[in-house]
Enquirer: 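The structure is given below, and queries will be raised subsequently.
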Amino acid sequence: MQATPEFLKFTAQFHQDIFDIHESPDEGVVAALESLSKHEQGSLRTFLARCVASRTSDDELLELWNSAQSDYYLSEPGQVRDFFRWILRRIPN
């Protein structure tokens with residue numbers, strides 16, 4: 001699966017301390033989402049929804065996340081699909 005520009009822009013906001021410098025994990029994701037316009041957030045929502053609903057393997061999703069511009073690494077394949085679902089619930093409509 002090819003990463004979209006919105007996904008790359010979003011993942012660039014993640015660094016190893018993102019969930020330490022914000023009061024909650026939700027606030028960390030909201031802060032990362034604020035780097036995107038409403039249109040970009042919609043595109044990110046579509047991309048992440050496609051990722052979690054696709055037949056893309058957990059290993060491929062892990063590779064997608066870890067090859068993006070994030071400095072926040074996930075190490076377990078099953079984490080990524082759950083992480084994407086969690087992010088999806090935080091993207092405003």
Side-chain angles (χ1 to χ4, degrees):
M1 182 165 284
Q2 184 71 27
T4 63
E6 297 83 7
F7 178 76
L8 295 175
K9 186 175 177 180
F10 176 71
T11 59
Q13 305 305 308
F14 282 78
H15 48 84
Q16 67 184 24
D17 298 324
I18 188 167
F19 298 123
D20 293 330
I21 63 172
H22 295 281
E23 288 190 29
S24 70
D26 284 343
E27 285 186 18
V29 170
V30 168
L33 287 169
E34 288 174 350
S35 71
L36 303 177
S37 70
K38 294 293 181 194
H39 176 76
E40 290 172 322
Q41 287 180 20
S43 297
L44 177 65
R45 183 186 314 103
T46 300
F47 177 72
L48 293 178
R50 195 175 65 205
C51 287
V52 299
S54 73
R55 295 179 190 248
T56 304
S57 73
D58 289 340
D59 287 329
E60 290 172 303
L61 290 178
L62 180 63
E63 183 179 326
L64 172 70
W65 177 265
N66 287 335
S67 67
Q69 300 173 0
S70 173
D71 188 32
Y72 179 78
Y73 296 97
L74 299 170
S75 59
E76 298 296 320
Q79 288 179 308
V80 180
R81 195 175 306 271
D82 291 340
F83 189 54
F84 286 179
R85 285 183 184 121
W86 182 73
I87 292 168
L88 277 166
R89 291 191 300 270
R90 280 137 188 91
I91 300 175
N93 290 328

Enquirer: Taking all non-hydrogen atoms of both residues, which atom of Q2 and which atom of F47 are closest, and how far apart?
Expert: O-CE1, 3.3 Å
Enquirer: L62 and V80: which non-hydrogen atoms are nearest, and at how many Å?
Expert: CA-CG2, 3.5 Å
Enquirer: Within the 4.5 Å heavy-atom criterion, are K38 and P92 side-chain neighbours or not?
Expert: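 Heavy-atom side-chain distance check passes, below 4.5 Å.
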Enquirer: What's the separation between atom CG in L48 and atom CH2 in W86, rounded to the nearest 0.5 Å?
Expert: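 Nearest 0.5 Å value for the CG-CH2 distance: 12.5 Å.
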Enquirer: So how far is it from T46 OG1 to L88 CG, rounded to the nearest 0.5 Å?
Expert: 9.5 Å
Enquirer: Has S70 got a side-chain atom pairing as donor or acceptor with N66's backbone, closer than 3.5 angstrom?
Expert: no
Enquirer: Check this for me: Q79, atom CD, are more than 12 non-hydrogen atoms of other residues, nucleotides or ligands nearer than 6.0 Å?
Expert: yes
Enquirer: What are the two closest non-hydrogen atoms of R45 and N93, and how far apart are they?
Expert: NH2-CA, 3.5 Å
Enquirer: Look up atom CZ in F83 and atom SG in C51, then write down how far apart they are to the nearest 0.5 Å.
Expert: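 It is 13.0 Å, given to the nearest 0.5 Å.
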Enquirer: Examine distances only and state if a side-chain atom of Q41 and a backbone atom of L33 form a donor-acceptor pair shorter than 3.5 Å.
Expert: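 Answer holds: yes.
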Enquirer: Can you check whether S35's main-chain N or O pairs, donor with acceptor, with K9's side chain at less than 3.5 Å?
Expert: yes
Enquirer: Could you pull out all residues at least two apart from A3 that satisfy side chain to side chain contact (heavy atoms under 4.5 Å, CB included)?
Expert: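 Side chain to side chain contact (heavy atoms under 4.5 Å, CB included) check on A3 returns F7, L8, L64.
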Enquirer: For residues V30 and L36: do they belong to one hydrophobic cluster (side chain heavy atoms under 4.5 Å, members Ile, Leu, Val, Met, Phe, Trp, Tyr)?
Expert: no
Enquirer: What pairs of residues pass the side chain to side chain donor-acceptor pair (under 3.5 Å) test when at least one of them lies in residues 49-58, not counting sequence neighbours?
Expert: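 Every side chain to side chain donor-acceptor pair (under 3.5 Å) pair that includes a residue of residues 49-58, provided the two are not neighbours, is S54-T56, S57-E60, D58-R81.
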